[in-house]
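First up is the structure itself, then whatever we jot down about it.
This structure is a prediction, so every number in the text was calculated from the model and none was measured. Counting starts at 1 for both ligands and their atoms, in listed order.
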Amino acid sequence: MMLESRTALVTGSTQGIGLAIARSLAHSGANVVLHGIEPNDQGDAIAETLKTTYGVQAVYVRANLALANEASELVASASQLLGAPDILVNNAGIQYTCGIESFPVDRWDAILAVNLSAAFHSMKAVVPSMRTRGWGRIVNIASVHGLVASVNKGAYLAAKHGLVGLSKGVALETATQGITVNCICPGWTDTAIIQPQIDLRAAKFGGDRAAGIRDLLSEKQPNQTLLPPERIGDVVAFLCSDSAAGITGVALPVDGGWTAQ
Ligand SMILES: NC(=O)c1ccc[n+]([C@@H]2O[C@H](COP(=O)([O-])OP(=O)(O)OC[C@H]3O[C@@H](n4cnc5c(N)ncnc54)[C@H](O)[C@@H]3O)[C@@H](O)[C@H]2O)c1
């Protein structure tokens with residue numbers, strides 16, 4: 001299999017896009033360190049399912065990436081369990097929508113910490129062992145909002161644009177060492193993070209969720225379809241393959257045409 005003998009650390013991988021990424025990498029033969037904020041028994045149960053479904057090693061590490069010390073220790077904790085990661089996917093993220101005048105400072109701080117600073121800490125920790133081995137794959141899950149803007153998303157825009165820039169810089173620093181660093185920029189994808197935005201739209205149509213989703217998609221996403229999280233998982237697996245060894249420093253939209261407009 002394509003990623004047999006590789007070990008992957010995927011942040012925020014107990015649900016949504018992160019879990020789809022973990023499944024896709026395990027399907028390709030990689031051993032997986034799952035990460036999340038859920039209690040250990042819940043994370044361990046998801047790891048157990050990955051092991052039995054795909055026949056790989058899987059473990060769970062709990063860490064709150066809003067806290068710099070936990071973010072900077074995550075790679076070391078993962079390395080103790082399954083060895084230094086060959087693949088790092090920075091996927092954990094949070095959102096809060098609000099105009100600039102009343103944007104809460106604590107939400108700004110949390111979004112910058114989880115969506116941007118955590119990726120800085122984990123890349124800083126993982127690059128030395130990737131350099132030593134002469135092979136590494138880093139995939140950072142940014143967003144279309146790392147490329148273009150929408151209203152009421154100041155902190156998320158700052159974090160995701162920052163993540164795209166940071167990834168390009170690390171790609172250049174590691175380009176001669178068999179390491180690639182790329183971002184994926186998803187459009188609307190069917191996960192928990194966008195439920196508050198769907199609920200707001202649905203309220204305009206008397207609580208009709210399907211109408212709310214249609215309204216959301218019609219504004220920005222030309223294929224008019226919420227992406228299944230697996231669409232992102234499969235692209236991550238491709239970027240981790242040897243076929244993608246020549247791709248580094250890109251911010252790849254997987255967005256149903258959003259950023260083509
Ligand atoms: N769903 C979309 O439409 C969409 C679009 C573009 C980008 N994204 C990005 O995809 C990534 C995954 O999001 P998702 O859509 O699967 O949403 P999600 O809410 O289902 O998953 C977010 C993950 O981040 C983790 N997380 C949140 N706060 C954390 C913290 N303090 N410490 C550690 N982990 C924390 C959660 O446990 C969860 O696993 C995020 O970076 C998000 O910004 C999502």
TODO: Would you check the N or O atoms of Val114, main chain and side chain alike, for any that come under 3.5 Å of an N or O of ligand 1?
DONE: no
Open item on the list: Just by distance, no angles: are the side chains of Gln195 and Arg209 close enough, under 3.5 Å, to form a donor-acceptor pair?
Closed with: yes
Open item on the list: Please determine whether residues Val148 and Leu217 belong to a single hydrophobic cluster, defined as Ile, Leu, Val, Met, Phe, Trp and Tyr linked transitively by side-chain heavy-atom distances below 4.5 Å.
Closed with: yes
TODO: Just go through Ile94, Asn64, Asp255, Val254 and tell me whose heavy atom is the nearest to atom 28 (N) of ligand 1.
DONE: Ile94
TODO: With atom 14 (P) of ligand 1 as the reference point, say which of Thr191, Ile141, Ile111, Leu19 has the nearest heavy atom.
DONE: Thr191
Open item on the list: Hydrophobic clusters here meaning ILVMFWY residues chained together by side-chain heavy-atom distances under 4.5 Å, can you tell me if Val236 and Met130 are in one?
Closed with: no
- [ ] Check each of Ser13, Ala66, Ala92, Gly43 against atom 35 (C) of ligand 1 and report the one with the nearest heavy atom.
- [x] Ala92
- [ ] Could you check which of Gly12, Ala71, Ala142, Gly93 puts a non-hydrogen atom nearest to atom 22 (C) of ligand 1?
- [x] Gly93
Open item on the list: Within the 4.0 Å heavy-atom shell around Gly16, which atoms of ligand 1 are there?
Closed with: 16 (O), 20 (O)
Task: Lys168, NZ atom: more than 12 neighbouring heavy atoms under 6.0 Å - done: no
- [ ] Mark up the atoms of ligand 1 that fall under 4.0 Å of a heavy atom belonging to Leu65, in ascending order.
- [x] 30 (C), 31 (N), 32 (N), 33 (C)
Open item on the list: Any protein heavy atom at under 4.0 Å, with atom 7 (C) of ligand 1 as the reference point?
Closed with: yes
- [ ] For ligand 1, note which part of Ala110 has a heavy atom under 4.0 Å away: side chain, backbone, both or neither.
- [x] neither
TODO: Kindly identify the option in Ala192, Ser143, Gly187 whose heavy atom sits closest to atom 5 (C) of ligand 1.
DONE: Gly187
Open item on the list: Looking at non-hydrogen atoms alone, which of Glu38, Gln95, Gln15 comes nearest to atom 18 (P) of ligand 1?
Closed with: Gln15
Open item on the list: Can you tell me if Glu70 contacts ligand 1 (heavy atom of the residue under 4.0 Å from the ligand)?
Closed with: no
Open item on the list: Under 4.0 Å, counting heavy atoms only: does Gly36 come that close to any atom of ligand 1?
Closed with: no
TODO: Run the contact test for Ala113 against ligand 1 with a 4.0 Å cut-off on heavy atoms, strictly below, and give the result.
DONE: no
Task: Close approach of His145 to ligand 1, heavy atoms, under 4.0 angstrom - done: no
Open item on the list: With a heavy-atom distance limit of 4.0 Å, tell me whether His35 approaches ligand 1 through its side chain, its backbone, both, or neither.
Closed with: side chain
Open item on the list: I'd like to know if Ile94 and Trp108 are part of one continuous hydrophobic network [Ile/Leu/Val/Met/Phe/Trp/Tyr, side-chain heavy atoms within less than 4.5 Å].
Closed with: yes
TODO: Report the residue from Asn90, Thr248, Asn140 that forms a side-chain hydrogen bond (donor to acceptor under 3.5 Å, both in side chains) with Ser167.
DONE: Asn140
Open item on the list: Applying a strict under-4.5 Å side-chain criterion to I, L, V, M, F, W and Y, I'd like to know whether Leu166 and Ile111 cluster together.
Closed with: yes
Task: Asn115, any N or O under 3.5 Å of ligand 1 N or O - done: no
TODO: Between Ile17, Asn91, Asn90, Leu67, flag the one that comes closest to atom 11 (C) of ligand 1 by a heavy atom.
DONE: Asn91
Task: Per-atom contacts of ligand 1 with Trp188, taking only distances under 4.0 Å to non-hydrogen atoms - done: 3 (O)
TODO: Number the atoms of ligand 1 from 1 as they appear, then name those within less than 4.0 Å of a heavy atom of Ala63, with their elements.
DONE: 32 (N), 33 (C)
Open item on the list: Does the plane of the ring in Tyr156 sit parallel, tilted or perpendicular to the ring in His145? Use 30° and 60° as the thresholds.
Closed with: perpendicular
Open item on the list: Counting only nitrogen or oxygen atoms and a 3.5 angstrom limit, does Lys160 reach ligand 1?
Closed with: yes
Open item on the list: I'd like to check which ligand 1 atoms, numbered from 1 as shown, lie under 4.0 Å from a non-hydrogen atom of Tyr156.
Closed with: 6 (C), 7 (C), 8 (N), 9 (C), 42 (C), 43 (O)
Open item on the list: Return the closest protein heavy atom for atom 3 (O) of ligand 1 as residue, atom name and distance.
Closed with: Thr189 N, 2.8 Å
